[in-house]
Each structure stands twice: as structure tokens, then as C-alpha cells.
Amino acid sequence: MTDVLITAGELAELVKKEPCVIIDTRNPDAYAAGHLPGAVNVHDIFTFLATSTPEGIHELKTKFADAFGGAGLSGKETAVIYEQSMNSGFGQSCRGYFLLTMLGYPKVKVLHGGFDAWKAADLPVTTDVAVPLKVGFAIVPEAGDIMIDAKAMLAAVGKPGVAILDVRDVDEWIGESSSPYGKDFCPRKGRIPGAVWLEWYRMMKPTSEGPRFKSKDEILAECATVGISQTTPVYLYCFKGARASNTFLALKNAGVKDVRMYFGSWNEWSRDASLPIDEGLPTAAVVTGKAA
């Protein structure tokens, strides 16, 4: 696949050559303080909590088709999404990439390094608020196959050959906290049974200019530590699909062929008492569980 990531310098050139719609996923205050020229603020990309019921998925699709159409995305433009930096927004720019991909949008890029990278390159910043022309946004139904629901995730529990990949922070993985919003935000703490764990930060590495995604081979090496190869079907989850979107982008860029997202993630799974969880410290068997 072509690289989803675009550098600040590449973006500065791209906007001169072809129509682009730039989407700022940060909170409205950060946007108001300064943003990329022409950028439209769509903070809901980060904040919206989805459920994976048929009604919830329908609501998710219609909400964001409307939001992206409102931002001026007709299908002809390249959508470019950014956050503050790659690790400050829990993967929120990548969540935008996932949502657009799930809706079937043909051309999506994520600004590598986010707003910080744009500023570091001394590129122009504005406080002018863009007023986009609302356009029709077409949903491609089959593109939604990259999103799975709780039933599909439950069916994968104990299924050989499918890797259930948890990318949450360590306190959530070991069952100390239920969410980034607070330890007891969700009613249950723990993991989906049989999941393997790669903390989402491991897809990136520090550089002198802030965090950047690792190379394809480095990402595949990280995956190999939990038994995932380019041919392993991977079902991803985190708390609400943002950090998992960061990992989704990394895995797709690294050539992992079948990656799907349980977008409802722990926020949904933990609230349904009928769904099984593993609690407490993971055992060695889970940590080294064979996913390949």
C-alpha cells in the first residue's frame, strides 16, 4: 500500500498540486490558537464513543459521513488529518484515518508528527477559521468490513489463528485501570480473554523532533514478539478505538494484510456483563499466547 503518512514538507507541496481538505482533530481551543491554513476543526473524531450494535454502527457512519461532507470531502480531494503530535492525542489523527477508511474514502493521509512537525518546519500557521462548502459524502458499505462488532470479537476468543491484539496502556492491560478517563470509568477492569499485548507506543520511537512511527521492519519485529506476521488476521482493540487506530495505521503500513478493529473496544465490552473477561495480572500463558 502507499504510505498513509505524509511529512510536513510533503504536505506543503501537496496542497499546491492537488485539492486537499485538511482536518484538525484537536480541541477547539487548540484549533483557535493556531492551525494549518484552511484546516477544518472536527474534534468529534476523537471524542465520539461508539457502540458496535447495528444501530450504533449506523449512527457512527451517518454522523461522520455528515461531518466529513460538512468539512468539504466529496471524494475528489485528498483528506489530510492531524493532531498535536503522534502521542499527545491517543492516536486521534489515526482515528480519523480509520473512520474515513471504514467509510470508503479513497484518499487519506495523516500528517506525520502532527501540528508540532508543521510548526518545527516553520510552515505557515493561521487563526483564520475555515468555512468549508458542505458537500455530499458517499459511504461505501463494503469498506466497513474493517470494523468488527462485539459478536465477531467474541467468536474470535479461543479461535486458533486469529490474534486479538490489545494495545492499551499497561495499567489497563494488567487490570489496574478501566480507561484513560479514570480507573473506574468502566464497570470492569481486565482484558478480552486470549488477547496478546503490544502497547500502542511501541509502534513509534522517539526522535529529536518528537515521536515518529517505526519503519515497516521494526513494526513487524514488534508484531513477531506476540506471534503476529503479515498473514495473521488481527482483531484490534483499545478503549474507544483511538490508540488502536494508531496501531491499525502502523500494521497496514507494515503490510499486515487482514487487520480489523473492534471499535467499541473496552468501553463497550466491559459494560456487557455477559461478555467474558480476564482479570488481574496476565499469566505467562496469555502474554506468550500463540497468535499465529
Side-chain angles (χ1 to χ4, degrees), residues 4-5 25-27 43-52 60 64 81-102 108 110-114 116 146-148 150 153 163-183 185-186 189-192 195-206 210-214 218-219 222-223 225-226 228 234-254 256 259-271 277 282 291:
V4 173
L5 300 166
T25 62
R26 299 174 303 157
N27 68 49
H43 188 49
D44 278 351
I45 284 170
F46 180 57
T47 56
F48 186 78
L49 294 175
T51 57
S52 71
L60 179 74
F64 283 102
I81 309 181
Y82 73 90
E83 58 186 278
Q84 187 71 33
S85 68
M86 297 323 291
N87 68 346
S88 60
F90 286 95
Q92 69 191 69
S93 57
C94 303
R95 197 180 199 242
Y97 155 69
F98 177 81
L99 287 167
L100 280 164
T101 306
M102 180 269 298
V108 189
V110 169
L111 176 57
H112 201 186
D116 287 354
I146 60 170
M147 189 161 66
I148 59 168
M153 186 58 108
I164 298 174
L165 182 56
D166 185 323
V167 303
R168 295 173 301 163
D169 291 23
V170 65
D171 58 341
E172 294 161 85
W173 168 250
I174 65 174
E176 274 186 7
S177 176
S178 71
S179 86
Y181 292 89
K183 290 194 172 194
F185 185 82
C186 295
K189 304 180 184 83
R191 302 162 299 287
I192 295 177
V196 294
W197 179 59
L198 281 178
E199 199 170 16
W200 70 290
Y201 297 109
R202 283 173 62 180
M203 298 298 133
M204 298 176 289
K205 61 183 176 186
R212 297 290 186 271
F213 278 97
K214 290 178 174 174
E218 288 169 329
I219 287 164
E222 293 286 2
C223 289
T225 65
V226 292
I228 292 171
V234 179
Y235 287 8
L236 279 171
Y237 79 96
C238 59
F239 168 70
K240 64 172 183 184
R243 290 168 291 180
S245 293
N246 180 290
T247 304
F248 180 88
L249 187 157
L251 297 186
K252 294 306 288 181
N253 260 350
V256 181
V259 187
R260 298 173 198 238
M261 170 92 74
Y262 171 43
F263 203 70
S265 282
W266 193 251
N267 181 57
E268 178 179 50
W269 190 274
S270 65
R271 296 179 193 282
I277 65 169

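Each residue takes its place number in the sequence, starting with 1. FYI, side chains are in, hydrogens and waters are out, and symmetry mates aren't considered; it's all heavy atoms of this structure.
Taking all atoms of both residues into account, the shortest heavy-atom contact from S178 to G182 is OG-O, 3.5 Å. Closest non-hydrogen pair, S85 versus D116, comes out as CB-OD2, 3.5 Å. Nearest heavy atoms, V167 versus C238: CG2-CB, 3.9 Å. When all heavy atoms of Y262 and M153 are compared, the closest pair comes out as CB-CE, 3.6 Å. Looking at every heavy atom in both residues, L60 comes nearest to M102 through CD2-CE, 3.7 Å. Residues M86 and V110 come closest through the heavy atom pair CE-CG1, 4.1 Å.
In this structure, the separation between CD1 on I164 and CG on L236 is 11.0 Å, given to the nearest 0.5 Å. The CG atom of L99 sits 11.5 Å away from atom SG of C94, with the distance rounded to the nearest 0.5 Å. To the nearest 0.5 Å, the span separating CZ on R271 from SG on C186 amounts to 4.0 Å. Between atom CZ of residue R202 and atom CD of residue E218 there is a gap of 12.5 Å, rounded to the nearest 0.5 Å. Within the model, atoms CE of M261 and CD1 of I146 stand 7.5 Å from one another, a figure rounded to the nearest 0.5 Å. Atom CD1 of I174 is separated from atom NZ of K189 by 11.5 Å, given to the nearest 0.5 angstrom.
Within the 4.5 Å cutoff, the side chain of I192 has heavy atoms near those of the W269 side chain. Residues V234 and T247 form no side-chain contact, since every pair of their non-hydrogen atoms from C-beta on lies 4.5 Å or further apart. Contact of the T225 side chain with the V196 side chain is not registered, since no non-hydrogen atoms from C-beta on lie closer than 4.5 Å. In this structure the side chain of S179 never reaches within 4.5 angstrom of the side chain of W266, judged on heavy atoms. L5 is listed as a side-chain neighbour of L249, based on a closest heavy-atom distance under 4.5 Å. Two residues are said to be in side-chain contact when any heavy atoms from C-beta on lie closer than 4.5 Å; K240 and S265 fail this criterion. Side-chain contact between C223 and L251 is present, with heavy atoms from C-beta onward closer than 4.5 Å. With a 4.5 Å cut-off on side-chain heavy atoms, K252 and V4 do not count as touching.
In this view, E176 satisfies the salt bridge (charged side-chain N to carboxylate O under 4.0 Å, His left out) rule with no residue, not counting sequence neighbours. Shown here are the salt bridge (charged side-chain N to carboxylate O under 4.0 Å, His left out) partners of R243, two or more places apart in sequence or in another chain: D169, E172. With sequence neighbours excluded, no residue satisfies salt bridge (charged side-chain N to carboxylate O under 4.0 Å, His left out) with K183.
Just one of Y237, F98, F64 meets the ring pair (Phe, Tyr, Trp, His ring centres under 6.0 Å) condition when paired with F263; it is F98.
Residues F239 and F90 place their aromatic rings such that the two centres sit no closer than 6.0 Å.
Relative to the ring axis of W197, R191 does not place its NZ or CZ within 45° and under 6.0 Å from the centre.
No donor-acceptor distance shorter than 3.5 angstrom exists from the side chain of Q92 to the backbone of E83, with no hydrogens or angles considered. Between the E268 side chain and the S52 main chain, a donor and an acceptor come within less than 3.5 Å of each other.
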message = Apply side-chain contact (heavy atoms from CB on, under 4.5 Å) to residues E199 and W173 and explain how you reach the verdict.
response = CA-CA 9 Å; E199 199 170 16; W173 168 250; over 6 Å; no
